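One structure below.
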Amino acid sequence: MERLSQLFSDILKLLQRYGGAYLGGVRNTLLLALIATLIGCVIGFVCGILQTIPHAKTDNPVKRFFLGLIRVIIRVYVEVFRGTPMVLQAVFIYYGLPYFSNNAMHFNSVWVAAILVVSINTGAYMAETVRGGIISIDPGQTEGAKAIGMTHVQTMTSVILPQALRNIMPQIGNNFIINVKDTSVMFIISFTELFSVHRAAVGATYLYFPSATIEMVAYLCMTLVASFLLRWLERRMDGSDSYELLQSDPLVPTAGTYTLTEMHTRRKAARYNTVSGDYDPDALNKTRNDSTRGER
């Protein structure tokens, strides 16, 4: 209990001295993760769509060459950025650009560099996610869209992508949560996020574990809130699970709802009213109420 009370005392001391800095780090972390995830999703969608453009041996050789070249470039990009740590990617992009250009090219803003690094890394993961979401859609839907004269662009935008987006929404949320945590490596390029604030506080006070506790709780709160909001968004995209099947033609019952006897009685009532010249739609409802509902 004595060590626990000492921990709380140290945490309060750190919050009183660096509370504003911790909040600033949380804000920068969330902004970087959100912006980079959105840009990464755009990169991933472009790469995923380009990888799924169909081509046959009978197509124009120029088209086949460029599609093949694009797929090779995307594959190299995906494998490189998925196969190397983000911290090294940040070093190569932020410090490598001035190194190879003799300082002729460099980043004037660390924000731009951080967003670029995290966005490109996220795009590499999203490219494969989008490709998997697109090929998971039943090919029959693509064939049906082509059968009614839709182009490939119309098929993708109106038929395939809306369904693929719902399928990959959990992975988009997962990438956002990963980015919230992985932005901690941006301290390597002097970006002021939550982990860099922790390092600065520890360097000034030597209270490593109390500061790490604050950081852990902050990251946990951010990821839990993000998970809750993303699950809410998924439920909103699913729509309501309570609906009523509507029929415009009273003579066409829902399959499996009525028995053959009731269908025959309803048709006789409709013919009778039609022949008499006094068609009354309520007669069908009266006949239906007097009949026995069939079983599914």
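If you're wondering where the values come from, they're calculated on a predicted model, not measured in any experiment.
With a 4.5 Å cut-off on side-chain heavy atoms, Met126 and Ile43 do not count as touching. Proximity of Phe92 to Thr84: side-chain heavy atoms (C-beta onward) are nowhere separated by under 4.5 Å. When side chains are defined from C-beta on, Asn167 counts as touching Ile137, because their heavy atoms get closer than 4.5 Å. Side-chain contact between Met186 and Val110: absent, with no pair of heavy atoms (C-beta onward) separated by less than 4.5 Å. Side chains of Asp182 and Val118 form no contact here, defined as non-hydrogen atoms less than 4.5 Å apart.
The shortest heavy-atom contact between Val112 and Phe107 is CG1-CD2, 4.2 Å. When all heavy atoms of Ala113 and Ile189 are compared, the pair lying nearest together is CB-CD1, 4.2 Å. Nearest heavy-atom pair across Phe81 and Tyr125 is O-CE1, 4.4 Å. Contact record, Val159 with Gln141: CG1-OE1, 3.7 Å, taken as the closest heavy-atom pair. When every heavy atom of Ile115 is checked against every heavy atom of Ala36, the shortest pair comes out as O-CB, 4.3 Å.
The side chain to side chain contact (heavy atoms under 4.5 Å, CB included) with Thr213 is formed by just one residue from the set Leu14, Leu207, Leu7; it is Leu7.
Ring to ring, Tyr208 and His198 are close: their centroids are under 6.0 angstrom apart. The distance between the ring centers of Tyr95 and Tyr99 does not fall below 6.0 angstrom.
Once rounded to the nearest 0.5 Å, the distance linking OG of Ser227 with CE of Met222 reads 12.0 Å.
If you check the side chains of Asp10 and Gln6, you find a donor sitting under 3.5 Å from an acceptor.
A salt bridge is defined here as a Lys NZ or Arg NE, NH1 or NH2 lying under 4.0 Å from an Asp or Glu carboxylate O, and Arg75 with Glu128 meets this definition.
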